[in-house]
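Okay, so here's the structure we're looking at.
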Amino acid sequence: SQTIHQWPATLVQPVGSPLSLECTVEGTSNPNLYWYRQAAGRGLQLLFYSVGIGQISSEVPQNLSASRPQDRQFILSSKKLLLSDSGFYLCAWSSGGLETQYFGPGTRLLVL
Amino acid sequence: GQQLNQSPQSMFIQEGEDVSMNCTSSSIFNTWLWYKQDPGEGPVLLIALYKAGELTSNGRLTAQFGITRKDSFLNISASIPSDVGIYFCAGLKSGGSNYKLTFGKGTLLTVNP
């Protein structure tokens, strides 16, 4: 069966510090991968999606970037965090050709 | 852009009551999904709908894909305390950027024991 992991679960970072959040998927190959941000417990906003290694599409201009160094690994990064980057970050995967997305457990980021 | 109007925004019910929530859109979607999110966790898929008019059940949950492809509802029968959480609908349009789901803003469900 397929599983999705996110690391870390919680992170507190100072403004201006770098960020690296990791998402890994097991039990499937060549998945589509997604990064979402959720503010205040509602409203999932799609940040990035990837249909293959090295292929990243950005949905909204922002202070963040994404990379996909391996087939089942998706990284969310920032060089300098802003206060507004605080939120709950969710990674999701779907099997190519199928629309259903499955979410990871999320990372709660607090920028102080 | 595409929008899904999800209602109600929140519900407060007594244990044992039935619940109904729905999503509507001005656009046609080819797939409707319903998720539940517990506090501090990622959304979990409850039901996936792929055909117009499709009615699908998952235990006490029942969801339907509207005939016009512009709406969907989710019913929960005989609610229990663990039904508490935020319920999201999500729709997908085929063609173009067919990887991207459009999410409703969620229905917050509170169940009083």
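Sequence lines set the chain letters: A, B, ... in the order given, protein chains first and strands last, and positions in each chain run from 1. Computed over heavy atoms, backbone and side chain alike; hydrogens, waters and symmetry mates excluded.
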Margin query: Using a 4.5 angstrom heavy-atom cutoff, name the option from Gly106(B), Pro43(B), Gly40(B), Pro39(B) with the most pairs to chain A.
Written below: Pro43(B)
Checklist line | Region of Gln6(A) that comes under 4.5 Å of a non-hydrogen atom in chain B | finding: neither
Margin query: Quick check: under 4.5 Å, non-hydrogen atoms only, which of residues 103-110 of chain A neighbour chain B?
Written below: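 Checking residues 103-110 of chain A against chain B gives Phe103(A), Gly104(A), Pro105(A), Arg108(A).
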Item checked: Within 6.0 angstrom of Gln9(B) CD, more than 12 heavy atoms from elsewhere ->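 No, the 6.0 Å shell around CD holds no more than 12 heavy atoms from other groups.
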Is [Y] reachable from [X] through a run of I, L, V, M, F, W or Y residues, each pair having side-chain heavy atoms under 4.5 Å apart?
X	Y	value
Val15(A)	Leu11(A)	yes
Phe74(A)	Val60(A)	yes
Phe73(B)	Ile47(B)	no

Check: If you check every heavy atom in residues 51-61 of chain B against those of chain A, which residues fall under 4.5 Å?
Finding: none
Check: Distance from Phe103(B) atom CZ to Gln101(A) atom CD, nearest 0.5 Å?
Finding: 6.0 Å
Next item on the list: Starting at OG1 of Thr102(B), measure out to CG of Leu46(A) and round the result to the nearest 0.5 Å.
Entry: 9.5 Å
Note to self: Tell me the closest heavy-atom pair linking Gly42(B) and Leu90(A), and the distance in Å.
What the structure shows: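 Shortest heavy-atom separation between Gly42(B) and Leu90(A) comes out as CA-CD2, 3.5 Å.
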Margin query: Using side-chain heavy atoms (C-beta onward) and a distance below 4.5 Å, is Leu101(B) in contact with Ser94(A)?
Written below: no
Checklist line | Note, Gln37(B) side chain near Phe88(A) side chain (heavy atom, < 4.5 Å) | finding: yes
